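Read the structure below first, then the notes.
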Amino acid sequence: MAIDFQKELNGEQYAAVSSSARSLLILAGAGTGKTRTLTYRVAWLLEHGVGPEQILLLTFTNKAAREMLTRVEGLTGYPRDAFWGGTFHHIAQRLIRPHAALLDLQMNFGILDESDAVQLFTEAIRRTSPDFLKDKTHPKPKVLLESIDYARNARHPFEETLAARWKQAGFAVDELLGFFKNYQSDKWEQSVLDYDDLLELALRLLQEQPDIAAHYSRRFRHILVDEYQDSNDLQGQLIDLLATEHQIFAVGDDAQCIYSWRGADIENIHRFSERHPQAEIFKVTLNYRSSPEILRLANAIPITHEKVFRKELQATRAAHKKPLLVQVWDFHWQARFVLRRLRPLLDGGYRLSDIAVLYRAHYQSMELQMELSKAQVPYTVTSGVRFFEQAHIRDLIAMLRVVHNARDRCAWLRVLCRLPKVGEKIAERLLGKIDEASARSGRGFWEVLADDTTSELCPREAQISWLILRRALVGARRQLPESVTAQEPTPYAPDLFAYAATQQRIVPKAEKSDGAPQKILSLLWEGEYRDYLRRSFANASSRSEDVLALLNFAERFGTVDELLFQVALQQSEEKETAERQDCLSLTSIHQAKGLEFPVVFILCLNEGLFPSKRALEEASIQEERRLFYVAVTRAKDELYLCCPQQSSPRGPGGFSPPLQPSRFLEELSEKSYEVLHDSAFPPFPPRNFKPRGFHR
């Protein structure tokens, strides 16, 4: 049955789908039916005599590829395997395999997943320089490999990328290049490739073998690329070579290019006409998702100054209500506002799953997670694991637990197993030897632990790390009040919640003292864990922000007992609510791209938070502004812009420095939102908090 394209598509979509131009760039705004436009383009081609084998479909993730091919199959009736379609890596390996001999490869080469690649890279380092891995000031292999992956995808010189990333590290970039050279040799000998090899070798094949490049360029008369704004330089070159003979149909939105940290290059879409002369550019702006009021605010965000890419989303829905600017005192009151607002939303017919809370960085949701758990509101965190379940937060809490109670074996195992060559059995043996030394000498556990000779009890590879860790733990222990340190460790609890469950109530807040948990955590962080975090995780900067949020949270408590009790309750409540189906969504804006929700809250619209401090330092404000646009355009019916005046109280009677409203709010007209004043929340101090754009 023939498709009535003019009936099933709007005018903008139909113009793009039916164009006969050789190269087309479809600038499809948020909520305008981008994938629908691409799918109907495939159907149009098939109905006009193009065979499915002449069509190449490219996208970026397996999920997106499955969705695209499923929709094409449902619309056209052609089975998905009739097309060459999938991710860039999938298509690259299909290009390479028949011509493997030309690349000195066996046709049956294997493909390494991420964990296999890290393992092979680790072996290359160990064989090249065994002492490199023993030095715990050096980054872990996975972190190094991720830096190299970025350079390969962005086509940046390795030397510059590695020097910028590790400029303060105690080793030469040439040493890292030697590791990578041996890693490449090992892969070649074993006839295996990693994901980046697939793209690089596909590009090399097309560049070095013009006959093969011409063959595929003639075969694929039509190349359709989804989410073109997310392509990196390597992928962009690959597309260009495949599209030299015939047509490219690229769909994307430069306003939603938010992945430069992964290598995405916005210049691919901005320079499309230069790369593909005589290209036509179509704009698809009719939005089916959001209310006119939300679109009015989104259109006011100054994303691009290039006229050719400027577009204004047009509403198809009836008027609803203006977005609300919510001025709250601090993060705690911000969380309470979201919680309090849920009831009228649910009474109005929304489900929890209709509501999303978006944030720039994961740690900004910690206060809200605490409030939701206390109120037993089920929620899911799609931007990662819940705050107190994150590895780095659990690590620091485990260190605090052993400082507080040396018999907490569960916590000790987590702390010690971070050391090189130390597993649970060695950790148990080490603790047993310290106990034996304590009993033999008549000294207390912590007195023995402070003795430098305990380093001899560790495996040789772990001795330096143990020395640094032990000194941090002993130094933190000395900050506890005498009433705690005078007691020798009692039989340990099997886990933190079991300990908390023995407490009848929350320990009353004590006056702040040197033994306050915030200070102890700071000593543990600065004394050992900060360096461990930096060398262990590629995203150490964002994880450091989580740690600072934990330190800020700890300032509320006068004793370690009280803090550990609250963390234990939080972890228990998270487990109890995790299985519920109808859940509130908490997610970073990056993770929310491509999703939509009837109701959206955006947290922490403040300078240094959103836009982030790193973006301000690196002058990457335009991408932050695009991220704000993505956040706003996730909302369908209601949008709440939350702007705290400060982060959180710093202990009894103290306040953190004031926060400035985000420049993104200042750039908006007061006509695009309403300011919410709620009598349930405390008034602001008398100083002027409103940015220039408020009530002009």
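Position 1 is the first residue of the sequence; numbering continues from there. Only a predicted model underlies this, so the values are computations on that prediction, with no experimental measurement involved. Only heavy atoms go into these numbers, but all of them, side chains included; no hydrogens, no water, no symmetry mates.
At a threshold of 4.5 Å between non-hydrogen side-chain atoms, the residues Glu607 and Ser662 count as touching. Leu550 has its side chain out of reach of Trp525: every pair of non-hydrogen atoms, C-beta onward, lies at least 4.5 Å apart. No side-chain heavy atom of Ser365 sits less than 4.5 Å from a side-chain heavy atom of Val381. When side chains are defined from C-beta on, Leu324 counts as touching Arg341, because their heavy atoms get closer than 4.5 Å. Counting heavy atoms from C-beta outward, Leu641 and Leu297 have side chains that approach closer than 4.5 Å. Leu144 places none of its side-chain heavy atoms less than 4.5 Å from the side chain of Phe180. With contacts defined as side-chain heavy-atom distances shorter than 4.5 Å, the pair Leu584/Phe601 does not qualify. Between Thr380 and Ser585 the shortest side-chain heavy-atom distance falls below 4.5 Å.
A side-chain donor from one of Asp194 and Tyr183 sits under 3.5 Å from a side-chain acceptor of the other.
Judged by distance alone, with hydrogens and angles left aside, the side-chain atoms of His332 form no donor-acceptor pair with the main-chain N or O of Glu367 at under 3.5 Å. Distance alone, capped at 3.5 Å, is enough to place a donor-acceptor pair between the Ser290 side chain and the Ala635 backbone. In this structure, the side chain of Gln237 does not engage the main chain of Leu234 through any donor-acceptor pair within 3.5 Å. Side-chain N or O atoms of Gln334 include one that pairs as donor or acceptor with a backbone N or O of Cys604 at under 3.5 Å. Asp233 places no side-chain N or O within donor-acceptor distance of the main-chain N or O of Arg155, the cut-off being under 3.5 Å. Put simply, the side chain of Arg634 gets close to the backbone of Val630: a donor and an acceptor are under 3.5 Å apart. Remark: the backbone N or O of Thr587 is paired with a side-chain donor or acceptor of Tyr359 at under 3.5 angstrom. A distance-only check finds no donor-acceptor pair linking the side chain of Tyr640 to the backbone of Val599 [under 3.5 Å].
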Original post:
Under the side-chain hydrogen bond (donor to acceptor under 3.5 Å, both in side chains) criterion, do His270 and Asp254 qualify, and how do the steps go?
Top reply: CA-CA 8 Å; His270 280 173; Asp254 63 315; 3.2 Å; yes

**OP:** Verify side-chain contact (heavy atoms from CB on, under 4.5 Å) between Ile148 and Asp196, making sure each step is shown before the conclusion.
**Re:** CA-CA 10 Å; Ile148 292 171; Asp196 296 332; over 6 Å; no

**OP:** Could you give me the CA-CA distance, side-chain angles and deciding distance for Lys593 and Asp230, then say whether salt bridge (Lys or Arg N to Asp or Glu O under 4.0 Å) is met?
**Re:** CA-CA 12 Å; Lys593 184 175 176 290; Asp230 292 336; 3.7 Å; yes

Original post:
Given the rule in the salt bridge (Lys or Arg N to Asp or Glu O under 4.0 Å) test, do Asp354 and Lys636 qualify, once you have shown the distances and angles that lead to the verdict?
Top reply: CA-CA 10 Å; Asp354 293 328; Lys636 297 169 70 174; over 6 Å; no

Original post:
Between Leu58 and Leu238, does a side-chain contact (heavy atoms from CB on, under 4.5 Å) hold up when you go through it step by step?
Top reply: CA-CA 11 Å; Leu58 286 167; Leu238 193 58; over 6 Å; no

**OP:** Evaluate the side-chain contact (heavy atoms from CB on, under 4.5 Å) criterion for residues Ile248 and Phe272: first the C-alpha distance (whole Å), next the side-chain angles of each, then the deciding distance (0.1 Å), finally the verdict.
**Re:** CA-CA 11 Å; Ile248 178 172; Phe272 185 86; 3.8 Å; yes

Original post:
For Arg271 and Asp265, what are the C-alpha separation, side-chain angles and deciding distance, and is it a salt bridge (Lys or Arg N to Asp or Glu O under 4.0 Å)?
Top reply: CA-CA 10 Å; Arg271 295 176 53 235; Asp265 186 357; over 6 Å; no

Original post:
Do Gln256 and Tyr629 pass the side-chain contact (heavy atoms from CB on, under 4.5 Å) test, and can you show the C-alpha distance, the side-chain angles, and the key distance before you say yes or no?
Top reply: CA-CA 7 Å; Gln256 298 187 71; Tyr629 173 85; 4.1 Å; yes

**OP:** Check step by step if salt bridge (Lys or Arg N to Asp or Glu O under 4.0 Å) holds for Glu624 and Arg360.
**Re:** CA-CA 9 Å; Glu624 291 287 293; Arg360 176 63 181 85; 2.8 Å; yes

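The six-membered or imidazole ring of Phe60 lies near that of Phe88, with a centre-to-centre distance under 6.0 Å.
Between Leu665 and Pro661 the shortest heavy-atom distance is CD1-CB, 4.5 Å. When every heavy atom of Lys311 is checked against every heavy atom of Lys283, the shortest pair comes out as CB-CD, 4.1 Å. Residues Val251 and Ala28 approach most closely at CG1-CB, 4.2 Å, considering heavy atoms. Here the closest heavy-atom approach between residue His276 and residue Ala243 is recorded as CE1-CB, 4.3 Å. The two residues Pro323 and Ser672 come nearest to each other via the heavy atoms CD-O, 3.4 Å. A pairwise comparison of heavy atoms in Ala16 and Thr37 identifies CB-CG2, 4.4 Å as the closest pair.
In this structure, CG on Leu627 lies 8.0 Å from CZ on Phe664, to the nearest 0.5 angstrom. Here the CG-CD distance, from Leu345 to Glu638, works out to 5.5 Å after rounding to the nearest 0.5 Å. With values rounded to the nearest 0.5 angstrom, Arg275 atom CZ is found 9.5 Å from Glu267 atom CD. For the atom pair CG of Asn299 and OG1 of Thr633, the computed distance is 10.5 Å after rounding to the nearest 0.5 Å. The CG atom of Leu242 lies 5.0 Å from the CD1 atom of Ile223; values are rounded to the nearest 0.5 Å. Taken to the nearest 0.5 Å, the CZ atom of Arg414 stands 5.0 Å off from the CZ atom of Arg394.
Residues satisfying the side-chain hydrogen bond (donor to acceptor under 3.5 Å, both in side chains) criterion with Arg614, sequence neighbours excluded, are absent altogether. With sequence neighbours left out, the ring-ring contact (aromatic ring centres under 6.0 Å, His included) criterion links His392 to no other residue. Arg80 meets the side-chain hydrogen bond (donor to acceptor under 3.5 Å, both in side chains) test with Thr70, Glu73; sequence neighbours excluded. In this structure Tyr350 satisfies the ring-ring contact (aromatic ring centres under 6.0 Å, His included) test with no other residue, sequence neighbours excluded. Under the rule for a salt bridge (Lys or Arg N to Asp or Glu O under 4.0 Å), the partners of Arg317 that lie at least two apart in sequence or sit in another chain are Asp637.
Residue Phe553 forms a ring-ring contact (aromatic ring centres under 6.0 Å, His included) with just one option from Phe388, Phe331, Tyr363, and that option is Phe388.
Salt bridge status for Glu227 with Lys34: present, with a side-chain N to carboxylate O gap under 4.0 Å. Salt-bridge check for Arg663 with Glu667: failed, with every basic side-chain N at 4.0 Å or more from each acidic carboxylate O.
Judged by the 6.0 Å and 45° rule, Arg152 forms no cation-pi pair with Tyr195.
Atom NZ of Lys142 sits in a sparse spot, with 12 or fewer heavy atoms from other residues, nucleotides or ligands closer than 6.0 Å.
Sorted by first then second residue, the salt bridge (Lys or Arg N to Asp or Glu O under 4.0 Å) pairs that include residues 291-302, not counting sequence neighbours, number zero.
Between Phe387 and His362, the two ring planes are tilted [angle within 30° to 60°].
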